[in-house]
Amino acid sequence: MTDFQDHQIRDRIKIEYMYTMGGQSKFFIELMKNKKLLGTKCKKCGKTWMPPRINCSDCYEPADWIELKQTGTIEVSTIVWYTTSAFIKAVPYGIGFIKLDGAETALFQGIFSENLVPSKIKKGKRVKAVFNKEREGKMTDFFFVPEDEYENWISKPEFEGGM
Ligand SMILES: [Zn+2]
């Protein structure tokens with residue numbers, strides 16, 4: 001016979017820390033300061049990486065920084081209903097892998113829509129990057145929206161278009 005009863009106590013942990021983006025720092029600095037989306041291009045095989053890789057993951061040769069377009073195509077997506085406290089106010093929202101024009105790999109990023117239904121963010125749909133006016137050099141500084149909603153999103157006071 002089992003009469004185990006789990007006793008749980010809710011508590012909170014606060015940890016302040018710093019971390020470095022290392023070789024990827026240029027991506028985050030250009031995102032924050034200039035609203036640019038930088039990828040990298042392998043010096044040997046020419047593959048274009050986004051998210052950027054300092055060294056090509058196919059042939060291990062160094063890659064050069066290149067600026068990519070801020071438009072792309074959804075490769076795969078889903079709608080988020082359960083998330084962490086950091087994103088709870090945005091629920092429901094889309095996330096997905098987006099292949100920026102000119103890149104050969106896809107970036108995992110948020111996809112927001114004013115009318116979020118699966119057909120709005122399905123594979124093959126065109127999206128464009130929208131940036132927070134207040135940027136910190138983090139992935140949450142930008143997100144993607146369906147191309148036909150772009151003008152509406154950048155007219156909101158907290159957001160703006162890219163370069
Ligand atoms: Zn390569």
Side-chain angles (χ1 to χ4, degrees), residues 13-80 83-91 93-113 121 123-163:
I13 298 173
K14 184 175 180 185
I15 302 170
E16 290 186 24
Y17 60 101
M18 292 180 79
Y19 56 96
T20 175
M21 299 301 187
Q24 312 283 1
S25 293
K26 189 178 177 77
F27 171 86
F28 294 97
I29 292 167
E30 287 298 315
L31 167 64
M32 178 174 59
K33 291 187 174 173
N34 301 314
K35 295 185 289 182
K36 288 183 178 175
L37 297 179
L38 298 187
T40 55
K41 189 177 183 71
C42 176
K43 292 181 185 205
K44 185 179 178 190
C45 74
K47 186 166 184 176
T48 301
W49 293 91
M50 182 58 163
R53 301 280 171 95
I54 304 309
N55 292 293
C56 179
S57 293
D58 285 350
C59 66
Y60 308 114
E61 293 294 318
D64 290 323
W65 289 100
I66 58 162
E67 185 178 350
L68 292 169
K69 291 191 173 150
Q70 301 187 346
T71 51
T73 305
I74 296 172
E75 296 283 302
V76 64
S77 69
T78 191
I79 294 177
V80 176
T83 186
T84 63
S85 59
F87 302 104
I88 199 81
K89 287 181 181 170
V91 167
Y93 60 92
I95 53 170
F97 281 93
I98 291 129
K99 195 181 275 187
L100 289 181
D101 295 333
E104 291 170 72
T105 58
L107 174 70
F108 186 68
Q109 188 60 297
I111 310 165
F112 292 175
S113 171
I121 63 166
K123 178 179 171 64
K125 285 285 184 181
R126 298 285 298 164
V127 291
K128 195 164 181 177
V130 171
F131 297 82
N132 294 339
K133 278 192 180 152
E134 302 286 328
R135 292 182 300 280
E136 303 173 282
K138 295 179 175 178
M139 287 306 287
T140 48
D141 283 351
F142 75 106
F143 53 91
F144 290 94
V145 299
E147 273 192 335
D148 63 349
E149 293 183 18
Y150 179 74
E151 295 300 327
N152 287 348
W153 280 93
I154 64 169
S155 69
K156 297 174 193 251
E158 66 269 42
F159 305 127
E160 59 189 1
M163 293 292 146

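Values reported hereafter were calculated over all heavy atoms of this structure, with side chains retained and with hydrogens, waters and symmetry mates removed.
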Give a yes or no answer on whether the side chain of [X] reaches the backbone of [Y] with a donor-acceptor pair at less than 3.5 Å.
X	Y	result
D64	K41	no
Q24	P52	yes
E147	T71	no
T105	M50	yes
Q109	M139	yes
K133	P157	yes

- Message: Under the ring pair (Phe, Tyr, Trp, His ring centres under 6.0 Å) test against F159, which residue among F142, F131, F143 passes?
- Response: F143
- Task: For the residue pair S113 and E149, confirm or rule out a side-chain donor-acceptor distance under 3.5 Å.
- Result: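 Yes.
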- Query: Would you call R126-D101 a salt bridge at under 4.0 Å N-O?
  - Reply: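 Salt bridge flag = yes for D101 with R126.
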- Message: Over 60° means perpendicular and under 30° means parallel, so tell me whether F108 and F97 are parallel, tilted or perpendicular.
- Response: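 Rings of F108 and F97: tilted, as their planes differ by 30° to 60°.
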- Message: Would you say that more than 12 heavy atoms from the other residues, nucleotides or ligands in this model lie under 6.0 Å from the CD of E134, or not?
- Response: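 No, the 6.0 Å shell around CD holds no more than 12 heavy atoms from other groups.
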Would you say that [X] contacts [Y] through its side chain, given a criterion of any heavy-atom pair below 4.5 Å between the two side chains?
X	Y	answer
E136	D141	yes
P51	F27	no
T40	T48	no
W65	I54	yes
K47	R53	no

Provide the closest heavy-atom pair for [X] versus [Y] in the form atom of the first, atom of the second, distance.
X	Y	result
F144	A129	CD2-N, 3.6 Å
N55	P62	OD1-CA, 3.4 Å
E61	C42	CB-SG, 4.1 Å
R135	K33	NH2-O, 4.1 Å

- Task: Let me know which of I121, V80, I111 forms a side chain to side chain contact (heavy atoms under 4.5 Å, CB included) with Y93.
- Result: V80
